[in-house]
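Below is one structure; the comments refer to it alone.
Bear in mind the structure is a predicted one, so any value in this text is a computation, not a measurement. In what follows, chains carry the letters A, B, and so on, assigned in the order in which the sequence lines appear, proteins first and then strands, with residues in each chain numbered from 1.
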Amino acid sequence: MIEEITNQYDPQKIEKKVHDFWAEVEAYSKVREHRKGGKKFFFVDGPPYTTGHIHLGTAWNKIIKDSILRYRSMCGHDMIDRAGWDMHGLPIEVKVEEALGFTSKKDIESYGVGNFIEKCKEFALMQKDDMTGQFQMLGAWLDWKDPYMTLKDEYIEAAWWTLKQAQEKKLLEQGKRVVNWCPRCETAIADSEVEYEDRADPSIFVKFKIKDVEDTFVVIWTTTPWTIPSNVAVAVHPSFEYAKVKAVDADGKEETLIIASDLVENVLRKGRYVDYEILSTMLGEDLTSLSYESPLADKVPEQAAMEHGIYLADYVTAENTGCVHIAPGHGMDDFDVGKKHGLPIFCPVGSDGRYTEQAGEYAGMHIREANKVVIEDLNERGNLLSEATINHRYGHCWRCKTPIIYLATEQWFIKIGELKEEMLSEIAKVKWYPEWAGSARFKDWVEGARDWCVSRQRYWGIPIPVWKCNNCGKMHVVGTKTELQEMSGITDDIELHRPYVDEVLLDCECGGKMKRVEDVFDVWFDSAVASWATLRFPQQQEEFDKWWPADFITEGQDQTRGWFYSQLGASMVAFGKAPYKSVLMHGFTLDGEGRKMSKSLGNVIAPGDVIDEFGADSLRSFVLSASAPWDDLKFAKDELKNIHRTLNILWNVYRFPLPYMVLDNFDPSQVSFESVKPYLRKEDRWILSRAQSLVALVDDAMAKCTLHRALRAINEFVLEDLSRWYIQLIRPRTWVEADDPDKLAVYRVLYDVFVLTAKVIAPFMPHLAEEMYQNLVRNVYPDAPVTIHMTDWPLVDESLVDKDLETHMEMVRSIVESASNARQKVGRKLRWPVSRIVLTPVNQQATDAVTNLKSVLMDQTNSKDIVLTGIDESWDELGFEANPDPGAIGPVFKGDAGKVIGALKKANAVQLKKTLALEGQFELEIPGGTVTIKPEMVNFIETLPEMVASAQSTAGIIYVDATLNREIESEGFTREVIRRVQDMRKELNLAVDDSIRSHIQINDERVLDLVLDREQFIAKETRANVQVIGLDVDTSGSLEKDWDVEGISMSIGITKAN
RNA sequence: GGGCCCGUAGCUUAGCUCGGUGGAGCGCACGGCUGAUAACCGUGAGGCCAUGAGUUCGAAUCUCAUCGGGCCCA
């Protein structure tokens, strides 16, 4: 049987209880099991990195996923929803290094790679467990028991298999490329791992002496002086104009400089030259015959041996000097220029950021110290034109924040560039939410796709499965563990991580031994294969065939360049098609000020703190409703409180009828909906219809991924339809003591609406929904599904939908609100009846609404009568004045509209209205002529009679006639008295059915007379079995109070009667 | 510097597709209700719709530019 709930909404208690319950009955697995064989829905969880703690953004992410999956499940989908964990990579290495007090790769090598890997694994697994608990606190249902983990062998094999596909399709390449390099981590890092931040660097202008020409220099600009020892060439734009300038310094010394013409003044100002003269101008393409000398030839032997020429490049911009320093070993564009012209790829910097022997006298120096030294050397040699500091955006390693450098190194690449066109055509087939995430943003990113450097020179990652023969150099890519075992002859299990896998040697055809290359994969390659790794492919083909590609994924906008991209790239390599069918790109979480949340700003919100204060359901409802999924989410605590209040109201609404139902032994299994149907009132049919409309709206929102609309609709239903309206309307019916069919009808309707509401909120507020369900459904029908999340999503029952009724009620509500407004204007509170309310309806619907729902209207407005005029017909007790409508006037009179409006306002309203009504038009004089006014161009504002106030409602203008008469005054004062006695009863903490003795003294003969008209009524309402009302009454009692009622003084004394 | 998104009341936002006197909620002030009561309801004040220009009789809405915020890139 349904149980009464007496407590306030206590989310912590409810959620704890529900979590325990879910665990006890194994709700999650039962629900998934229940849907086996249903419509397939393959969801891939974007694996969070195992940092150890979730933040608001990751919480939001999982809440979106959970809500969508719960909805899908209720809609009958059989789903795959393994949670995922991204567990390899530098961040964990860095954490472990910190814990062990390491600062470089050498420390790791001496500690032992095997030991280090074990620590990393341990660390990742521990963090995973911590985070799982945190996600579960949110109520997020994913397959937590069997998640996919990038450190598992089965997962590693998916990556290996994928690389083998790349090799077989000739998309894998090893070669020297310029990569982003972190000199601390001593590894290449992906473009997507570079984080741009402001940084101060030197900004120097350097003069390179032109060979065989006296005192003539080409001027370049750079922010990386340490790359000057690696300079090989200068690039100019073929079609820019360059000038040879005779420049004179403060000492009168003259020299000739080559600079882009437009930039001469700027450069000379920097070099503090006092005078100059343009000797000649030429195009960039005319400069290529020149060659120059390295200013550091005496320090770097290779520089002395090298030819330095001037080359053409289209990417040169007209900034700084228009001549660009080219160091092919230290820049991507530089590298391209070098390759094109067959220049040496000179890179005298080692992986640790120190110059190598090739750097001559600089050898051993760290590039961070080198800037100063190089600048000094250039200055000494007279090659430094100017030196300053610049603040600019510079790339940093996003894990350890070290400024990156560019190094030409041997790396492994996947030739994504070749797949670009296919990728673009694939993303057009994917359904993107919102549409622009794919058509604009992602497309833009893919168009700029470059080859993907997948190798890293680290330890904790998926080893790159390439074995190379130390004899003949032959290469072999291993695709699976089995293949490795077969080829190596090892029958025992092989741990696929470093350093174990490194020890596995393969026999080469040439008789030599093949050894694995040392690199590991970029972690983005790990997560890139998630969609098939989660299906345990390549170990299992069948599941893959059945499910792949994913039906749906959703991640933050940063993943455009990240997971959306890496998955697409890997999938194109492996299968030639996109790995997902639909993608929801969600926003970022910002703090209350709209700044991003970051540790350094100290504005990070921990989801756990929010849950402790408001509960997970409030947090969920907040993040889902506060903004569209793809917009950024501002965390506003006030809004969270607001949402929490809404849940509290839902709780109160749900709680309200329970005591009555329990008292009456209401058993929904014995009172069918059919049996109460004849007794349904209009408002009952209305709330049933509203509930159906809510389901339809939520369905529509879910189809469009506009979760915020779903949540807002739910909140509005709870607040407006249930709490503020339906509950108010039906309250008196629940107080009826007899076994009244009218009351049973209300119980049944409330019951159905509550159960439906619980189902509708289930995907979003799963705990509260479960709590309601267990009481309302499981306590009544023990055979019902064990959890609400196993029930079917409600199908819209068209037989309950009555759109006209909904519209009518909306109009009635608007009229009631307006009546409140008008009452306030005329100074008549609701407790006092008014003699009549007059409505001028705007249309037939408004007329019908009033006719249809007159009793509701009279009841809620406390009005003795509702009077309708004809549609748009003025109430005949009114005066009026003209109000022009610019919307109708503008299109007709265009430039004269202002004059017409002005003239209309001044016109005689009575005559205007009459003429328009009779003739359908009015000739209006305006400055400079006469115009024809049509009825639609002007409205009329009424002026009101005495004691009448008006207000606009959507149904039309209403007039509240607050004229008093004896009956109204009697009722008003009577209710004032009752209200005060009730107030005192409450103060005495009396039970609802306790009786009292009351003594009421009213110090006004007229008012006393009015109140005495209803003496019996007062006694009944206040449960007084002794009641004395008079001019001079002894009001002593348990509680005694003096009151001022509308200026009349009263004394009331009450005592509990036994 | 480029791409995409966002900017509406003190705060959080609807409206923008398809132009016609800008709607809510919170907070504030005032009032109401009193068998959901540590709850609930009404009214009011509060908006150069980020700024500037353009198109138009008319722009929060369309166009362009600028400023500010976010994500991504150079």
Open item on the list: Using the P atom as the point on both nucleotides, what is the distance between B:A9 and B:G46, in whole Å?
Closed with: 14 Å
Open item on the list: Using Watson-Crick or G-U wobble geometry with both distances under 3.5 Å, which nucleotide pairs with B:C40?
Closed with: B:G32
Open item on the list: For a quick check of understanding: with a heavy-atom distance under 4.0 Å over all strands, which category does A:R823 fall into, base, sugar-phosphate or nothing?
Closed with: nothing
TODO: Starting from P on B:G3, measure out to CE on A:M585 and report it in whole angstrom.
DONE: 17 Å
TODO: Starting at atom CZ of A:R985, determine the distance to atom P of B:U37, rounded to an integer number of angstrom.
DONE: 16 Å
Open item on the list: From C-beta outward on A:D444, which listed nucleotide comes closest to its side chain: B:G3, B:C71, B:G32?
Closed with: B:G3
Task: Rounded P spacing from B:C67 to B:G31 in Å - done: 50 Å
Task: Pairwise C1' distance, B:G70 and B:G52 [rounded to whole Å] - done: 24 Å
- [ ] Would you mind pulling out the nucleotide paired to B:C57, Watson-Crick or G-U wobble, both distances under 3.5 Å?
- [x] B:G20
Task: Whole-Å distance separating the CH2 atom of A:W651 from the C1' atom of B:U37 - done: 17 Å
TODO: Look through every strand shown and name the nucleotide pairing with B:A50 as Watson-Crick or G-U wobble, where both distances are under 3.5 Å.
DONE: B:U66
Task: Minimum-distance nucleotide to A:F588 side chain [options: B:C71, B:G32, B:C5] - done: B:C71
Task: Along RNA chain B (nearest heavy atom to each residue), the more 5'-positioned of A:W436 and A:H708 - done: A:W436
Open item on the list: What's the gap between B:A39 and B:A53 when it is taken at their P atoms, as a whole Å value?
Closed with: 50 Å
- [ ] Could you tell me the separation between the CG atom of A:L624 and the C1' atom of B:U13, rounded to a whole number of Å?
- [x] 16 Å
Task: Distance, C1' atom - from B:C48 to B:A59, rounded to whole angstrom - done: 14 Å
TODO: To the nearest 0.5 Å, tell me how far A:H586 NE2 sits from A:E555 CD.
DONE: 5.5 Å
Open item on the list: Counting only side-chain heavy atoms from C-beta out, which of B:G25, B:G32, B:G70 sits nearest to A:E639?
Closed with: B:G25
Open item on the list: Give me the distance, rounded to whole Å, that separates B:C16 from B:G2 when you measure between the P atoms they each carry.
Closed with: 30 Å
Open item on the list: Say we look at B:U17 and B:U21: how far apart would their P atoms be, to the nearest angstrom?
Closed with: 14 Å
Task: A:D632 side-chain N/O to A:T589 backbone N/O, donor-acceptor pair under 3.5 Å - done: no
- [ ] Among the candidates B:G32, B:G35, B:C71, find the nucleotide nearest to the side-chain atoms of A:Y660.
- [x] B:G35
TODO: Tell me yes or no: between the side chains of A:E720 and A:N715, is some donor less than 3.5 Å from an acceptor?
DONE: no
- [ ] Ignoring backbone atoms, establish whether A:R655 has a side-chain N or O less than 4.0 Å from OP1 or OP2 of B:U37.
- [x] yes
Open item on the list: Between P on B:U34 and CZ on A:R1023, what's the gap in Å once rounded to a whole number?
Closed with: 17 Å
Open item on the list: Tell me whether the side-chain N/O atoms of A:R979 come closer than 4.0 Å to OP1 or OP2 in B:C33.
Closed with: no
TODO: May I ask you to decide whether A:R985 forms a salt bridge with A:D994, counting only side-chain N to carboxylate O separations under 4.0 Å?
DONE: no
Task: From B:G42, B:C26, B:U12, nucleotide with atom closest to A:S820 side chain - done: B:G42
Task: side-chain N/O A:R441 vs B:C5 OP1/OP2, d < 4.0 Å - done: no
Task: Separation of B:U37 P from A:N652 CG (nearest whole Å) - done: 6 Å
Task: Polar contact flag, side-chain donor to acceptor under 3.5 angstrom, A:Q557-A:R441 - done: yes
TODO: Please check the phosphate of B:C40 (OP1 and OP2 only) for any side-chain N or O of A:R645 closer than 4.0 Å.
DONE: yes
TODO: For B:G1, give its Watson-Crick or G-U wobble partner with both distances under 3.5 Å, or none.
DONE: B:C73
Task: Closest to side chain of A:K634, choosing from B:C33, B:U13, B:C4 - done: B:U13
Task: Spacing between A:Q982 atom CD and B:G35 atom C1', to the nearest angstrom - done: 8 Å
TODO: Let me know, please, whether A:V653 or A:A440 comes out on the 5' side of the other along RNA chain B by nearest nucleotide.
DONE: A:A440
- [ ] Give A:S723 one of three labels, base, sugar-phosphate or nothing, depending on what nucleic acid heavy atoms sit under 4.0 Å from its own.
- [x] base
Open item on the list: Looking only at the side chain of A:R712 (C-beta and beyond, no hydrogens), which of the listed nucleotides B:A14, B:C4, B:G70 gets closest?
Closed with: B:A14
TODO: Identify which nucleotide among B:C71, B:G3, B:C40 has an atom closest to any side-chain atom of A:Q728, counting heavy atoms from C-beta outward.
DONE: B:C40
TODO: Please determine if a side-chain N or O atom of A:R709 lies less than 4.0 Å away from the OP1 or OP2 oxygen of B:G15.
DONE: yes
Open item on the list: Within the 4.0 Å heavy-atom criterion, would you say A:I727 contacts the bases, only the backbone, or no part of the nucleic acid?
Closed with: base
- [ ] Would you please indicate if the ring centroids of A:Y660 and A:Y747 are separated by under 6.0 Å?
- [x] no
Task: No-hydrogen, no-angle side-chain donor-acceptor test under 3.5 Å, A:N775 and A:Y654 - done: yes
TODO: In whole angstrom, give the distance that lies between atom CD1 of A:I996 and atom P of B:G35.
DONE: 13 Å
- [ ] Select one nucleotide: of B:C71, B:G25, B:C5, the one nearest the side-chain heavy atoms of A:D631.
- [x] B:C5
- [ ] Please state the C1' separation for the pair B:C62 and B:G20 - nearest whole angstrom.
- [x] 14 Å
Open item on the list: Between A:E976 and A:W832, is there a side-chain donor-acceptor contact under 3.5 Å, judged purely by atom types and distance?
Closed with: yes
